[in-house]
Amino acid sequence: EESPPSASIRVVMDDNYPPYAFRDEEGRLQGILPDLWALWETRSRIKVRIQAMDWAKAQQVMRAGRADVIDTMFENEQRRQFYDFSSPYATIEVPIFFHHSISGIVGPDSLKGFTIGVKDGDACIDRLLEYGIVNFRRFPNYDTLIRAAAGHEVRVMCIDKPPALYLLYRFGLEKEFRYSNPLYSGAFHRAVRKGNGGMLQLVEEGFARISTAERKAVEDKWLGAALSSHSRQAFTRYATVFLTVTGLLALILVLWNWQLRRRVAVKTQELTCALASLGEAKSQTEQTRDHLEATLEAIPDLLFELDGEGRYLDYRARDPGLLAAPAEQLLGRTVSEMLPGPAAQVVLDALREAGETGTSHGAQLLLPLAGGDAWFELSVARKKSAPGERGRYIVLSRDITERKQAEADIERLAFFDSLTQLPNRNQLHERLRQALAASMRRGGHGALLFIDLDDFKTLNDTRGHRAGDLLLLEAAQRLQSCVRTEDFVARLGGDEFVVMLESLSADAEEAALQAETVGEKILALTRLPYWIEQHEQHSTASLGITLFSGQGHTADELLKRADAAMYRAKTAGRNTMRFFDPGLQASLEARTLLEAALRRALPEGQLLLHYQAQVNAMGQVVGAEALLRWQHPTRGMVSPMQFISLAEESGLIIPIGGWVLETACAQLNQWEKMPVARGLKLSVNVSARQFRQADFVPQVSEILQRMGTNPALLKIELTESLVLDDVTGTIEKMHALKAMGVRCSMDDFGTGYSSLSYLKRLPLDQLKIDRSFVRDIATDEGDAVIVQTIIGMAHNLGLDVIAEGVETEAQQEFLVRHGCTVFQGFLFSRPLPVAEFESMLENRTSSRCG
Ligand SMILES: Nc1nc2c(ncn2[C@@H]2O[C@H](COP(=O)(O)O[C@H]3[C@@H](O)[C@H](n4cnc5c(=O)[nH]c(N)nc54)O[C@@H]3COP(=O)(O)O)[C@@H](O)[C@H]2O)c(=O)[nH]1
């Protein structure tokens, strides 16, 4: 909009833009612009009405049309929408002013993050916004902005350089603030409202009438002596006082200066030294840091910083594949959350140790990683911490998987045979030492079986080492199949193996028997044909056995003994075994012979029964016990004490027991025909192995039926230990026998557990007091009490009671006195062959009748 020519123009400007326009202490407008506009007024003959105010307000006034010209305006895109600009008349640099405590402000980018003090409406705001800087603190004018800077409210400012320098000097801040290179340079224009070309021309023409010299004179006046002119009045006021004071202080100052110089010299020296050592320290620190960095770079281990609870605070991993979880998941979590329980415990224990002693070394842990299980070894060091500060630890975790593997390989080579993978001689020695110590502690025997394959060398020589190896492998497997898992099989080398048995019987003969049984199995298995590379191969073994019981012999001695025994087996013709102990060897051989003889005893009719009378209180024979006898053609009468256990172990008791039952039934049938023996009951001993046969009861039933014997006359004697082995099964069978009419007696009563609880459940007819109690009944109070108790117990349970082993009248008298009604023992009769037994019956009957 075009303004008509007028007698005056209204010029609006910033009143706080020294030295261009500013107010002196009386509030009068001063500066380059008022002077220039005064010249303009003179040359143009048009009145100039200057309105000076806050810059933002000045722009509002201009926009509102209450002014014709606005001065000191930078031209920019945005402003061009509203204004037409004159040609530029001065170039103004706009730097960033910043407090000297701030460093690094070099350009717009470095301003990010700071709050920039600006004058409201300043072009600088638009420029900084273009750089993406948005944090401003706006002030109505430069004066208030610099005052805020003086009060440290603002530390970074964007101000045109001339007013900034002026005001900073004025407020004594010239040392506190520095300025950057110009952010930009702007040119001062006078501007009129957009489209007011006539006014612009008027203004331009007016200024064209002012010569360059005139203009320079004005600028020199304000730019060259801006400070002094502004403060001239104050200077005048204070100059006199200043000179006086200065004069008075001059002398002091000279002295002070001299002293200061000395101090400065000293301090400078100190500072120089301090700077030098600081520089040195810095360079050393840098060197140390570089060294440390290079060292850490060279360490292949995982490095962690953990707190006392095992929380990951930091880590360094050259190979992230070794981390238990992706690194970002570890930080902030604890080892208990990230590692398997046992591994976490190892770390926590190591942290605890380091907490107590400063370091911990050597703890090892296993981690399941994506690439497979991995072993790590820890070295932990506690970091120095201030009192009260939580403990922190540097944990170095070294991957030792390969080392562990190598150790395992070494151990395998050291302790295992590489062909058969059986334990080798080293391990055998170790185990043997342990076994000796264990058998010393526990009692009981162990046995060492030394096995050497017969003719192995021939096989190796004729069919080659591969065939030999295959045979050894097969033999090793067979040996392992012969023994219990707790037994131990080792290969000593070549074709020599050793089997070690533990926890054998405390009785040497029984232990020898147990070892012999295993030895026999081994011999039997090794002599089975081998199938090697499509060929059948035959082999046998020679075996030497020695027993040990933890006393007297070292592992080496025992091995030598077993070896010597094996050698005897070789010389005895191979495919056999020998004991090192000649006594044991002899007794085992004797036993073997006895067993062979017993095997022939039954078919060859060498067995017979003797009968021992059982009498009542009146001396009447009420029954008998059938007792087995072995009449050997050359050994003579062999005691059942010698062969019953052998028959049990060999299984011969089954046919022999059957024969006893059948013979007893035949005898009962016979006696039924004899008036003197009719109605006698016959007790038959049944061994555990015989009774435990599943078909024992049907066997008894079959014999009774086949023989046509009255079951009520047959009494089965069972031992207490037999019953206790399987109370429930025994009860079942006893019920079945009772159902048939057969009676049951408990033999050796009192020698076992004798519990009332199971006694009540057993369908018994009779308790037989063991002869060991009867023997000392008159002299041993304990036995007397036991016997009384058994009798009382039997009566309470409604059972008959018989005492065996009665040899004296005193014993019988005691038993009668305490309620025992039936007796067996040498006092009445020894076990007799049937004919003598029957004669005894005849004699007793006739003597009673007579
Ligand atoms: N399973 C079977 N065991 C049987 C059989 N026959 C006998 N035996 C058991 O053999 C053990 C020894 O028997 P034996 O040498 O016949 O001894 C018996 C009697 O001679 C002996 N006895 C009898 N009275 C006295 C005596 O007054 N004093 C004394 N010192 N010994 C005496 O007692 C043995 C009978 O014992 P028991 O059987 O406990 O009643 C023996 O354990 C027999 O059981 C059989 O066929 N099968």
Side-chain angles (χ1 to χ4, degrees), residues 598 601-602 606-615 621 623-631 636-668 681-693 696 699-700 703 714-723 744-752 766-778 783 787 790 800-812 814-815 820 822-834 836-837 840:
L598 185 60
L602 191 56
Q606 296 166 8
L607 298 181
L608 64 153
L609 291 182
H610 281 188
Y611 299 93
Q612 186 175 29
Q614 295 177 337
V615 300
V621 178
E625 180 177 3
L627 292 162
L628 185 61
R629 297 291 179 263
W630 178 12
Q631 181 65 57
M637 191 67 85
V638 183
S639 162
M641 302 291 275
Q642 278 177 279
F643 70 85
I644 289 288
S645 61
L646 181 63
E648 278 252 350
E649 282 154 20
S650 61
L652 284 170
I653 196 69
I654 307 296
I656 290 174
W659 176 87
V660 169
L661 266 173
E662 209 169 307
T663 309
C665 286
Q667 192 58 61
L668 276 172
K681 295 184 176 60
L682 187 54
S683 297
V684 173
N685 291 289
V686 171
S687 79
R689 189 158 177 181
Q690 188 184 352
F691 186 78
R692 278 198 213 105
Q693 290 177 102
F696 174 73
Q699 273 181 42
V700 176
I703 290 169
L714 183 65
K715 198 185 288 176
I716 301 284
E717 283 196 13
L718 305 170
T719 60
E720 205 175 354
S721 56
L722 176 155
V723 172
C744 294
S745 175
M746 176 158 293
D747 203 0
D748 307 336
F749 190 74
T751 56
Q766 187 181 58
L767 290 185
K768 196 172 196 180
I769 305 170
D770 190 68
R771 65 173 174 275
S772 60
F773 302 120
V774 175
R775 190 180 57 219
D776 300 326
I777 205 170
D783 285 350
V787 168
I790 295 173
D800 293 340
V801 60
I802 178 173
E804 69 170 345
V806 183
E807 294 182 353
T808 65
E809 287 187 347
Q811 290 167 340
Q812 188 191 14
F814 179 94
L815 290 162
C820 184
V822 188
F823 314 92
Q824 180 181 344
F826 296 166
L827 179 64
F828 313 102
S829 165
R830 287 188 170 264
L832 298 169
V834 65
E836 287 178 37
F837 179 79
M840 183 269 295

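For ligands, and for the atoms within them, numbers begin at 1 and follow the listed sequence.
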J.: Would you mind running through ligand 1 and noting each atom that sits below 4.0 Å from a heavy atom of I644?
T.: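 Within the 4.0 Å cut-off of I644, ligand 1 contributes 2 (C), 3 (N), 4 (C).
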J.: Is atom 17 (O) of ligand 1 touching the protein, meaning some protein heavy atom lies under 4.0 Å away?
T.: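 It does not; no protein heavy atom is within 4.0 Å.
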J.: Determine whether W630 and Q642 make a side-chain contact, defined as any pair of heavy atoms from C-beta on separated by less than 4.5 Å.
T.: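 Counting from C-beta outward, W630 and Q642 never come under 4.5 Å.
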J.: Within less than 4.0 angstrom of ligand 1, does R629 place any heavy atom?
T.: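 Under 4.0 Å: yes for R629.
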J.: Look at atom 9 (C) of ligand 1 and say whether a protein heavy atom is found at less than 4.0 angstrom from it.
T.: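 No, no protein heavy atom sits under 4.0 Å from atom 9 (C) of ligand 1.
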J.: Flag the pair F643 / L628 as yes when at least one side-chain heavy-atom distance between them is below 4.5 Å, and no otherwise.
T.: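 Yes, side chains in contact.
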J.: Answer with yes or no whether Q824 contacts ligand 1, where contact means a heavy atom under 4.0 Å from a ligand atom.
T.: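 In this structure, Q824 fails to qualify as a contact of ligand 1 - no heavy atom is under 4.0 Å.
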J.: Measure L627 to ligand 1 on non-hydrogen atoms and call it side chain, backbone, both or neither using the 4.0 Å cut-off.
T.: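 Both parts.
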J.: Return yes when K768 approaches ligand 1 closer than 4.0 angstrom through a heavy atom, no otherwise.
T.: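 Under 4.0 Å: yes for K768.
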J.: Relative to ligand 1, is D748 under 4.0 angstrom through side chain, backbone, both or neither, heavy atoms considered?
T.: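 Side chain only; the backbone of D748 stays clear of ligand 1.
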J.: Inspect the surroundings of CE in M637 and state if more than 12 heavy atoms from other residues, nucleotides or ligands are less than 6.0 Å away.
T.: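 Atom CE in M637 is crowded, with more than 12 foreign heavy atoms closer than 6.0 Å.
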J.: Would you call Q614 and K768 a side-chain contact if the rule is heavy atoms closer than 4.5 Å?
T.: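 Yes; the side chains approach each other to less than 4.5 Å.
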J.: Which pair of heavy atoms, one from V822 and one from C820, lies closest together, and at what distance?
T.: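 Looking at all heavy atoms of both residues, the closest pair is O-SG, 3.4 Å.
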J.: With a 4.5 Å limit on heavy-atom distance, are the side chains of L832 and Y611 in contact?
T.: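 The answer is no, as the side chains (C-beta and beyond) never meet within the 4.5 Å cut-off.
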J.: I want to check something: taking the side chain as every heavy atom from C-beta on, are R629 and P640 in contact at a cut-off of under 4.5 Å?
T.: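 Yes, at least one pair of side-chain atoms sits under 4.5 Å.
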J.: Verify side chain to side chain donor-acceptor pair (under 3.5 Å) between S687 and E648, making sure each step is shown before the conclusion.
T.: CA-CA 8 Å; S687 79; E648 278 252 350; 2.8 Å; yes
J.: Ligand 1 and S639, any nitrogen or oxygen pair closer than 3.5 angstrom?
T.: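 The answer is no, given that S639 and ligand 1 share no N or O pair closer than 3.5 Å.
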J.: To the nearest 0.5 Å, how far apart are CG in D747 and CD in E804?
T.: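 Between D747 CG and E804 CD, I get 5.5 Å after rounding to 0.5 Å.
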J.: Looking only at protein heavy atoms, which one is nearest to atom 24 (N) of ligand 1, and how far off is it?
T.: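 Checking every protein heavy atom, the shortest distance to atom 24 (N) of ligand 1 gives Q612 NE2, 2.9 Å.
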J.: Testing the basics here: between G805 and R771, what is the closest heavy-atom pair and its distance to 0.1 Å?
T.: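 Smallest heavy-atom distance, with atoms named: CA-CB, 3.6 Å.
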J.: For atom 25 (C) of ligand 1, what is the nearest protein heavy atom, given as residue, atom name and distance?
T.: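 That would be F826 CE2, 3.3 Å.
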J.: Is any heavy atom of the protein nearer than 4.0 Å to atom 46 (O) of ligand 1?
T.: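 Under the 4.0 Å cut-off, atom 46 (O) of ligand 1 does have protein heavy-atom neighbours.
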J.: Enumerate the atoms of ligand 1 whose separation from the nearest heavy atom of L628 is less than 4.0 angstrom.
T.: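 The list of qualifying atoms is 5 (C), 6 (N), 7 (C), 45 (C), 46 (O).
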J.: Report the part of N685 in contact with ligand 1, treating N, CA, C, O as backbone and CB onward as side chain, heavy atoms under 4.0 Å; options are side chain, backbone, both, neither.
T.: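 Both parts.
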J.: Tell me the contacting part of D747 for ligand 1: side chain, backbone, both, or neither, using a 4.0 Å heavy-atom threshold, strictly below.
T.: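 Answer for D747: side chain.
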J.: Can you find a protein heavy atom closer to atom 29 (C) of ligand 1 than 4.0 Å?
T.: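 Yes, there is one.
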J.: Have a look at ligand 1 and work out which part of H610, if any, has a heavy atom under 4.0 Å from it: side chain, backbone, both or neither.
T.: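 Neither; nothing of H610 gets under 4.0 Å from ligand 1.
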J.: Just wondering, do V801 and I769 contact through their side chains at under 4.5 Å, heavy atoms?
T.: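 Of all side-chain heavy-atom pairs linking V801 with I769, at least one is under 4.5 Å.
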